[in-house]
Amino acid sequence: MKLYNTMSRSKEEFVPAEAGKVKMYACGPTVYNFFHLGNARPFVTYDTLRRYLEYTGYEVEFCQNFTDIDDRIIKRAQDEGTSIEEISERYIREYYVDADRLRIGRPTYQPKATQTIPEMIELIGELMENGYAYELSDGIYYDVSKFAEYGKLSRYHLDELVEGAGERDTKRENDEKRNPGDFVLWKKKKENEPSWPSPWGEGRPGWHIECSAMIRKHLGDTIDIHGGGQDLIFPHHENEIAQSEAVTGVPLARYWMHNAFVNVDNEKMSKSTGNFFTIRDIVKKYPYRVIRFFILSGQYRMPINFSDSLLEAAENGLNRIRESVDNLRFTAKNQKKSSEETDDRSSWDLMEAIDKASRDFLDAMEDDFNTADAITAIFQLVRTANIACQEPLVSADSLLSAADKVMELGEVLGLDILGTDDGDTGIPDEVMRLVNKRAQAKKERNFALSDELRDQVTALGYQIKDTPSGPQVTKA
RNA sequence: GGCGCCAUAGCCAAGGGGUAAGGCAGAGGUCUGCAAAACCUUCACCCCCGGUUCAAAUCCGGGUGGCGCCUCCA
């Protein structure tokens with residue numbers, strides 16, 4: 001498999017350090033609110049990568065954190081007059097509500113920052129001993145000038161960072177810092193802020209240190225893949241590298257992956273600009289399954305725009321796949337002829353298309369995890385399968401194989417093709433009763449009654465399709 | 001200023017030296033009592049200008065336009 005490595009700015013053949021095993025880490029949510037579509041992209045992306053790696057036989061150890069101590073959480077807790085635990089626990093629960101229904105699998109390890117404080121303190125202690133960190137009145141800082149390779153991931157140069165962008169807010173930085181790029185490892189306690197004991201007094205950790213500590217604790221000094229949004233390249237991942245490698249002396253990650261953003265009107269969706277849509281909001285209009293499909297319909301390094309019409313297009317496309325699976329199974333069930341009696345030719349064509357879809361799917365995923373192309377492979381199989389459904393002599397076996405393959409490939413992407421996660425557990429008796437009544441009315445050529453009954457079924461959220469083998473009922 | 005990304009049909013989106021996948025939407029048709037779904041047909045010379053080449057949308061250079069990071073933003 002080829003992966004684009006941000007470190008080298010090129011696609012590289014992916015070879016894990018240990019054959020057959022992959023250790024990966026992705027930056028998780030700061031739990032102070034519902035997460036939005038832009039946050040969901042990396043969650044879905046790295047979950048899908050993990051699924052694919054497992055599908056191709058790797059044993060994957062996947063770690064994703066919860067940042068449960070941070071300025072925004074503290075502020076939220078103060079605003080609500082409650083504790084940070086109350087806030088973070090609440091939004092961790094809410095995270096799982098969305099994540100589970102987006103079919104984001106639970107990571108192997110999902111530590112909270114507050115559970116990793118001893119490891120962070122230990123790491124900071126080693127940095128102090130090694131001379132990479134120093135103490136100021138308000139905290140412990142990392143001295144970026146001590147780490148010769150600082151900037152190797154982002155390719156930023158320290159002296160240029162000094163000048164910085166005009167909009168940079170330098171007021172909140174401690175002006176005693178040795179270098180403008182130095183960042184805080186440990187913040188000394190302020191009034192009304194939660195704190196933990198440390199060799200440098202009561203305080204709380206800086207943001208970057210948690211990932212370094214968690215990776216080391218759960219996965220080791222060097223991991224295979226480290227992922228996150230492109231906005232984390234600098235400073236977050238650069239700082240992780242500086243923290244970890246200054247202590248371990250070995251590369252923190254062998255492959256760095258960064259997903260592009262979700263945009264609104266071509267501009268980055270972000271909490272600070274307010275142009276964001278939470279998953280909880282979007283789901284009022286489009287199901288979770290559509291959101292996941294939407295995210296995966298573009299290659300992860302390309303920006304995707306968010307809009308109603310795009311979600312709608314995604315929903316229609318996903319429904320096309322569902323219809324196809326429904327049709328394949330329905331047709332197979334009604335295929336009365338045995339395999340020996342059926343037309344080898346159309347079955348053969350279909351079997352060939354199944355193989356081709358598998359190959360194309362793998363080729364797409366092997367090329368820097370191109371889920372857009374992988375979905376195309378599914379659509380191509382759907383096309384051939386739909387044609388096969390119209391062949392009177394196609395074998396039930398091949399139809400079912402096609403349905404299975406579509407479901408299998410969809411599952412690798414975590415797609416809920418049939419919408420079973422929406423609580424659809426089959427056709428209710430009430431609906432079937434109406435369907436049968438309508439079939440009877442139709443037989444008697446009482447079309448007025450039959451149409452009325454169909455309207456009733458439609459009103460209940462189901463759809464009747466008349467086929468040569470009788471009515472087919474599906475969820476609308 | 002530094003470091004990057006992007007520009008393909010009405011919309012979305014792959015591809016990437018030999019003459020444009022797929023999806024959505026649209027139009028026409030087949031099937032149907034009507035419908036739905038499906039199927040068939042139809043819909044692009046790939047931002048502009050140079051250059052390299054037998055051949056460029058694809059490589060190189062220069063533009064133009066859009067976007068991101070350099071702020072504890074995924």
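Basis for what follows: all heavy atoms, side chains included, without hydrogens, waters or symmetry-related copies. Chain naming here is simple, since letters A, B, ... match the order of the sequence lines and numbering starts at 1 in each.
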For the pair made of [atom1] in [X] and [atom2] in [N], what is the distance, rounded to whole Å?
| X | N | atom1 | atom2 | result |
| --- | --- | --- | --- | --- |
| A:Tyr156 | B:rC3 | OH | P | 10 Å |
| A:Lys442 | B:rA36 | NZ | C1' | 12 Å |
| A:Asn179 | B:rC70 | CG | P | 19 Å |
| A:Gln390 | B:rC31 | CD | C1' | 8 Å |
| A:Arg322 | B:rA36 | CZ | P | 17 Å |
| A:Arg41 | B:rC73 | CZ | C1' | 16 Å |
| A:Gln463 | B:rA38 | CD | C1' | 12 Å |
| A:His237 | B:rA74 | NE2 | P | 11 Å |

Reckon [X] touches a base, only the sugar-phosphate, or nothing at all at heavy-atom distances under 4.0 Å?
| X | value |
| --- | --- |
| A:Asn327 | sugar-phosphate |
| A:Glu267 | sugar-phosphate |
| A:Phe183 | nothing |
| A:Ser450 | base |
| A:Val262 | base |
| A:His236 | nothing |
| A:Ala364 | nothing |

Parallel, tilted or perpendicular: ring planes of [X] versus [Y], cut at 30 and 60 degrees:
| X | Y | value |
| --- | --- | --- |
| A:Phe369 | A:Tyr300 | tilted |
| A:Tyr95 | A:Phe35 | tilted |
| A:Trp207 | A:His236 | parallel |

Taking only the [atom1] atom of each, what is the distance from [N] to [M] in whole angstrom?
| N | M | atom1 | result |
| --- | --- | --- | --- |
| B:rC43 | B:rU32 | C1' | 27 Å |
| B:rC48 | B:rG66 | C1' | 15 Å |
| B:rC5 | B:rA9 | C1' | 24 Å |
| B:rG2 | B:rA56 | P | 34 Å |
| B:rU19 | B:rC12 | C1' | 25 Å |
| B:rG26 | B:rU64 | P | 40 Å |
| B:rC47 | B:rU8 | P | 6 Å |
| B:rA14 | B:rC34 | C1' | 40 Å |

Give, for atom OG of A:Ser297 and atom CG of A:Asp373, the distance between the pair rounded to the nearest 0.5 Å.
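Output value for this atom pair is 12.0 Å.
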How do A:Ile387 and A:Asp70 order along RNA chain B: which one's closest nucleotide is nearer the 5' end?
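In this pair, the answer is A:Ile387.
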Along RNA chain B (nearest heavy atom to each residue), the more 5'-positioned of A:Ile464 and A:Thr376:
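With A:Ile464 and A:Thr376 compared, the 5'-side residue is A:Thr376.
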How about NZ on A:Lys189, more than 12 heavy atoms from neighbouring residues, nucleotides or ligands closer than 6.0 Å, or not?
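Yes, because the 6.0 Å sphere around NZ of A:Lys189 holds more than 12 heavy atoms from other groups.
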Any side-chain donor-acceptor pair under 3.5 Å between [X] and [Y]?
| X | Y | result |
| --- | --- | --- |
| A:Asp360 | A:Gln380 | no |
| A:Arg383 | A:Ser324 | no |
| A:Asn65 | A:Thr67 | yes |

Salt-bridged, A:Lys285 to A:Asp308, with N to O below 4.0 Å?
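Result for this pair is yes, salt bridge flagged.
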Would you say A:Phe447 stacks on B:rG33, if stacking means ring centres under 5.5 Å apart and planes within less than 30 degrees?
yes
Give the nucleotide from the list B:rC73, B:rG66, B:rC34 with an atom nearest to the side chain of A:Asn266.
B:rG66
Check: A:Tyr255 ring centroid to A:His226 ring centroid under 6.0 Å
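No, the ring of A:Tyr255 stays outside the 6.0 Å limit from the ring of A:His226, centre to centre.
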Check: A:Tyr32 ring centroid to A:Tyr91 ring centroid under 6.0 Å
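No, the ring of A:Tyr32 stays outside the 6.0 Å limit from the ring of A:Tyr91, centre to centre.
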Does [X] have a side-chain nitrogen or oxygen under 4.0 Å from the phosphate oxygens OP1 or OP2 of [N]?
| X | N | value |
| --- | --- | --- |
| A:Asn386 | B:rA38 | no |
| A:Asn316 | B:rA25 | yes |
| A:Arg320 | B:rC39 | yes |

Less than 3.5 Å between a donor and an acceptor, one on the side chain of A:Asp466 and one on the base of B:rC34, is that the case here?
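Such a pair exists between side chain and base.
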Tell whether A:Arg454 reaches the base of B:rC34 with its side chain through a donor-acceptor pair below 3.5 angstrom.
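Donor-acceptor pair under 3.5 Å: yes.
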Going 5' to 3' through nucleotides 5-20 of chain B, assign each nucleotide B (protein heavy atom under 4.0 Å from a base atom), S (under 4.0 Å only from sugar-phosphate atoms) or - (no protein heavy atom that close).
-S----SSSSS-----
Hey, mind stepping through A:Tyr96 and A:Phe66 against ring-ring contact (aromatic ring centres under 6.0 Å, His included) and telling me if it holds?
CA-CA 12 Å; A:Tyr96 282 128; A:Phe66 280 121; 5.7 Å; yes
If a pair means Watson-Crick or G-U wobble with both distances below 3.5 Å, what does RNA chain B look like in dot-bracket form, with | marking bases paired to a different strand?
(((((((..(((.....[...))).(((((.......)))))....(((((..]....))))))))))))....
